[in-house]
Amino acid sequence: EAADTLIAAGHAYPCYVTPDELDEMRKQQVARGLPPKYDGRHRNLTAEDRQRFEAQGRKPVVRMKLPERDERVVVSDLVRGKVAFNSKELDDQVIVKSDGYPTYHLAVVVDDHRMGITHVLRAEEWLPSTPKHLYLCKWLGWEPPLYAHLPLLLNDDRSKMSKRKGDVAAEAYRAKGYLPEALVNFLALLGWSPGDDTELMPLPQLIERFSIERVTKAGSVFDREKLNWMNQHYLQQMPAERLFALLRPFVAKTAYAGEDEALLRKICATVQPALVTLADVEKHLGLFFRPDGAPLSADVLRVTETATALQVFRAFRDQLARTPELTAATFPLLVKAVQKETQVQGKSLWEPLRAAITLETQGPDLALVADVLGKEKILARLDLALSRSAA
RNA sequence: GUCCCCAUCGUCUAGCUGGCCUAGGACACCGCCCUUUCACGGCGGCGACAGGGGUUCAAAUCCCCUUGGGGAUACCA
């Protein structure tokens, strides 16, 4: 309907040039050192011309008919101020494709008008096509919306980050275990800041404090490290119940999906302080369920094979064997007893213990882990460490 | 090529109406402290006004040029 209106008013016209012909045309222009541009060859077709093309079975596109004379078009942008373009630089843009579908340019103008859109906030890449949208509005007799062209999100090499290239769709971040609140908070800070040093802001606060005047002009690199930090922050804050609910789909993807639910719940709570993303739960789960005979890292071997380590293991094994019940609260007591007995303390005491018990050199609080693992398992692993050294 | 946008630490940024900036914060990195372990946390360190001209008593802040980066130049959005 809008296209028909424009054609009737002489602001648009059917164009029968085929993609192949356009290709050829541009190639020749480039060869002659000219900028590739539609040359307007179908701007003024006669009725006969049209009939001839129709008879050939050609389906036309509809193109905007930009003014013959050069005009100055000024875009008033909420973040960039006034930006001037020359209509001469613009092309007779296709607004309806040969399959009858409108292109973005026509669709966005018509759609926004019908929906009563007052503000168009879009990325900077759209700034150069805004003059076209302004023409469309003008010809259709509509008041254009207010525009704000936001800075681009950039890859590490400072090129434009595109949702059509790479693994950067919002869904991809969800799949990688990032929380919506973390992503939103992080994204809000790319190209905008509240003006003070506040960085951690939940959505309601973001909404309250946001103002378009404080939007920056330069593009910003998407820094995964900072996102990680923020994600971890929100993860640590989270109540255990909600965390477990969010963790479920990630647990479901692992080999441990069928384990006892109460146990999984306990593990998730234990592991919370060590999570950077939800997906990290997988590797931590492995820590609890890995088979005793699994291959060990060089670090684990290094810290479990010292003379001091062996001394600690023997003492701890004895302590543990004599303990009726092992809990997160009693574990440190056992370690304390070992310290007294062996005179080993601090890192040289805890590090080998952790490595022998969890088969990792890092992880959540050892007492908590030990509680989940249970007495029998720990005894078995200590024996294993002892026998490894004996061999 | 042409048009347009942009330019403060490695990254995100504060600084916008010029003096309070020997340029502040955050992430990352490095120390120290806390913790008998891991992490959290606390403290500190490293680290930037792209260059050159102006304007001014005074410029990161205003103007110009250069350089650099990015975007757009599709029957994609």
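Residue numbers start from 1 in every chain, and the chains themselves are labelled A, B, ... in the order their sequence lines are given, proteins ahead of strands.
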For a quick check of understanding: with a heavy-atom distance under 4.0 Å over all strands, which category does [X] fall into, base, sugar-phosphate or nothing?
X        : result
A:Val312 : nothing
A:Val83  : sugar-phosphate
A:Gly33  : nothing
A:Glu225 : sugar-phosphate
A:Phe186 : nothing
A:Leu349 : base
A:Ala84  : sugar-phosphate
A:Leu190 : sugar-phosphate
A:Thr216 : sugar-phosphate
A:Ser193 : sugar-phosphate
A:Lys59  : nothing
A:Leu152 : sugar-phosphate

Would you say a side-chain N or O of [X] is under 4.0 Å from OP1 or OP2 of [N]?
X        : N      : value
A:Arg158 : B:rC12 : yes
A:Arg26  : B:rU73 : no
A:Ser220 : B:rC12 : no
A:Arg214 : B:rG15 : yes
A:Lys97  : B:rA74 : no
A:Lys160 : B:rA72 : yes
A:Gln236 : B:rA39 : no
A:Lys217 : B:rC4  : no
A:Thr103 : B:rA74 : no

Close aromatic pair by centroid cut-off 6.0 Å: A:Trp229 and A:Phe186: no
Pair A:Tyr173 + A:Phe222: ring centers closer than 6.0 Å: yes
Within one Ile-Leu-Val-Met-Phe-Trp-Tyr cluster: A:Val94 and A:Leu6, side-chain cutoff 4.5 Å: no
Pair assignment for B:rU73, Watson-Crick or G-U wobble, requiring both distances under 3.5 Å: B:rG1
Polar pair under 3.5 Å, donor/acceptor by atom type, side chain A:Gln339, base B:rU36: yes
Side-chain-base donor-acceptor pair under 3.5 Å for A:Asp365 and B:rU37: yes
salt_bridge(A:Arg72, A:Glu89) N-O dist < 4.0 Å: no
Proximal nucleotide (of B:rG10, B:rG71, B:rC75) relative to the A:Leu22 side chain: B:rC75
Charged tip of A:Arg122 within 45° of A:Tyr147 ring normal and under 6.0 Å: no
Distance-only polar pair, side chains of A:Asp92 and A:Tyr13, donor-acceptor under 3.5 Å: yes
Protein-nucleotide distance (A:His133, atom NE2; B:rA72, atom P), rounded to Å: 13 Å
